[in-house]
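The structure under discussion appears below in the form of structure tokens.
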Amino acid sequence: MTDDDRIKLEPSWKQALRSEFDQPYMQELRDFLRQEHAAGKEIYPPGPMIFNALNSTPLDKVKVVILGQDPYHGPGQAHGLCFSVQPGTPIPPSLLNIYKELQRDLNIDIASHGCLQHWAEQGVLLLNTTMTVERGTAASHANKGWQHFTDRVIEVVSEHQPNLVFLLWGAHAQSKRKLIDATKHLVLTSVHPSPLSAYRGFLGCGHFSQTNRFLEQRGLMPIDWRLPTA
């Protein structure tokens with residue numbers, strides 16, 4: 001990330017976000033991450049996976065945007081997609097509630113794993129608004145600069161693409177609503193799928209069927225929310 005040529009980023013996103021990498025906040029963020037590594041701290045996700053959401057879902061392929069807050073902070077979990085964990089890792093509680101709603105809404109069997117890469121490759125941008133975290137310390141990299149970058153990602157995708165569905169689950173995701181052009185996109189909101197809140201309206205929200213109905217009505221392929229066997 002020290003210069004434009006070394007940013008391992010999918011070309012359409014790199015073009016759209018090029019100027020962000022020259023912003024002062026990005027230099028401060030680079031310095032912060034360098035210092036954390038130098039202090040021996042373990043940072044998740046691993047470096048090559050930090051931009052996995054953007055690399056897996058090119059800008060002109062985005063159909064759906066799901067916003068998370070920050071990466072999982074346990075070993076072997078985070079791989080750059082919100083709510084998703086690497087294969088072989090237990091399914092986190094919030095993701096299990098997402099699966100329960102998929103089963104209720106679309107009669108999709110609960111997956112045996114927590115890797116959502118299949119969604120990302122179909123056009124579901126799984127974006128954490130903070131893209132790194134220190135092992136064992138939730139929200140440790142909040143307000144270090146990532147929020148400026150991911151706000152710009154949300155603005156860019158809202159401006160660039162027509163007919164998107166934004167799924168904003170919980171207060172943090174809903175705080176980004178102001179960045180979205182609701183005159184051309186469908187914005188669906190709910191409480192967070194966390195076990196602390198899911199029973200207050202996430203379970204029963206019907207967001208997955210509503211998403212596919214919206215896409216089909218606009219001549220777009222719906223998302224196949226079923227996950228292949230790990």
Side-chain angles (χ1 to χ4, degrees), residues 44-45 49 52-53 56-57 62-131 133 136-140 142 150 154 164-177 180 186-215 222-230:
Y44 300 138
M49 293 182 176
N52 191 22
S56 297
T57 313
V62 179
K63 296 178 179 178
V64 181
V65 180
I66 299 177
L67 296 181
Q69 194 154 356
D70 68 335
Y72 296 117
H73 53 81
Q77 289 184 299
H79 65 131
L81 305 179
C82 71
F83 293 104
S84 180
V85 290
Q86 299 187 56
T89 307
I91 298 170
S94 293
L95 182 55
L96 185 58
N97 282 331
I98 291 171
Y99 288 169
K100 287 177 180 176
E101 176 56 19
L102 270 171
Q103 185 178 50
R104 189 210 62 81
D105 189 17
L106 292 173
N107 199 30
I108 289 173
D109 289 342
I110 290 178
S112 61
H113 62 89
C115 182
L116 304 181
Q117 190 72 36
H118 180 63
W119 294 2
E121 290 166 1
Q122 294 180 78
V124 182
L125 181 63
L126 295 163
L127 183 69
N128 278 317
T129 57
T130 297
M131 299 182 82
V133 71
T137 312
S140 48
T150 54
I154 296 165
L164 295 177
V165 184
F166 286 84
L167 302 180
L168 307 183
W169 299 333
H172 177 78
Q174 289 168 32
S175 74
K176 305 299 181 180
R177 190 170 188 158
I180 301 163
L186 176 64
V187 181
L188 299 175
T189 62
S190 163
V191 296
H192 196 276
S194 159
L196 298 174
S197 57
Y199 64 92
R200 297 204 310 266
F202 179 80
L203 297 172
C205 68
H207 282 183
F208 302 102
S209 58
Q210 290 180 66
T211 293
N212 280 354
R213 199 175 308 121
F214 179 86
L215 294 173
I223 303 300
D224 178 7
W225 297 103
R226 291 168 300 184
L227 292 168
T229 304

Just to verify, which of Ile108, Asp109, Ile110 counts as forming a side-chain contact (heavy atoms from CB on, under 4.5 Å) with Tyr99? Ile110

Output for pair (Leu227 CG, Leu102 CG), nearest 0.5 Å, gives 8.0 Å

Please tell me if the side chains of Phe202 and Ser197 come closer than 4.5 Å, counting only heavy atoms from C-beta onward. no

Donor-acceptor under 3.5 Å (Gln77 side chain, Gly74 main chain): yes

Considering all heavy atoms, the nearest Gly204-Arg104 contact: CA-NE, 3.4 Å

To the nearest 0.5 angstrom, please state how far the CG atom of Leu164 sits from the CG atom of Leu186. 10.0 Å

Taking the side chain as every heavy atom from C-beta outward, state whether Asp105 and Trp225 have any atom pair closer than 4.5 Å. no

With a 4.5 Å cut-off on side-chain heavy atoms, are Arg177 and Thr189 touching? yes

Run the ring-centre check on Trp169 versus Phe83 and record whether the distance is less than 6.0 Å. yes

Ser140 to Val133 - nearest heavy-atom pair and separation: OG-CG2, 3.4 Å

If you measure from CZ on Arg226 to CG on Asn107, what distance do you get to the nearest 0.5 Å? 10.5 Å

Might you point out which heavy atoms bring Ala78 and Pro45 nearest each other, and give the distance in Å? O-CB, 3.6 Å

Criterion side-chain contact (heavy atoms from CB on, under 4.5 Å) on Leu127 and Thr150, from CA distance to verdict: CA-CA 8 Å; Leu127 183 69; Thr150 54; 4.2 Å; yes

Without swapping roles, check the side chain of Thr129 against the backbone of Gln69 for a donor-acceptor pair under 3.5 Å. yes

Has the side chain of Gln174 got a donor or acceptor atom that lies under 3.5 Å from a matching backbone atom of Ser190? yes

To the nearest 0.5 Å, how far apart are OG1 in Thr57 and CG in Leu126? 6.5 Å

Measuring from atom CG of Leu215 to atom CD of Gln210, what distance do you get when rounded to the nearest 0.5 angstrom? 12.0 Å

Determine whether Leu116 and Trp119 satisfy the following criterion, side-chain contact (heavy atoms from CB on, under 4.5 Å), listing intermediate values before the conclusion. CA-CA 5 Å; Leu116 304 181; Trp119 294 2; 3.8 Å; yes

Taking the side chain as every heavy atom from C-beta outward, state whether Val85 and His113 have any pair of such atoms under 4.5 Å apart. no

Does the side chain of Cys82 reach to within under 4.5 Å of the side chain of Ile66, using non-hydrogen atoms? yes

Sub-4.5 Å side-chain heavy-atom contact between Val65 and Val165: no

Look up atom CG in Asp70 and atom NE2 in His172, then write down how far apart they are to the nearest 0.5 Å. 8.0 Å

Would you say that Asn97 contacts Ser194 through its side chain, given a criterion of any heavy-atom pair below 4.5 Å between the two side chains? no

Compare all side-chain heavy atoms of Cys115 with those of Gln86 and state whether any distance is below 4.5 angstrom. no

Derivation and outcome, side-chain contact (heavy atoms from CB on, under 4.5 Å), residues Gln122 and Val64: CA-CA 9 Å; Gln122 294 180 78; Val64 181; over 6 Å; no

Test your reading of the model: is there a side-chain donor-acceptor pair from Asn128 to the backbone of Thr130, 3.5 Å cut-off? no

Whether Ser56 side chain and Ala53 backbone form a donor-acceptor pair below 3.5 Å: no

Donor-acceptor contact present, side-chain Ser84 to main-chain Leu81, <3.5 Å: no

Determine the minimum heavy-atom distance between Glu101 and Gly206, stating which atoms define it. OE2-N, 2.9 Å

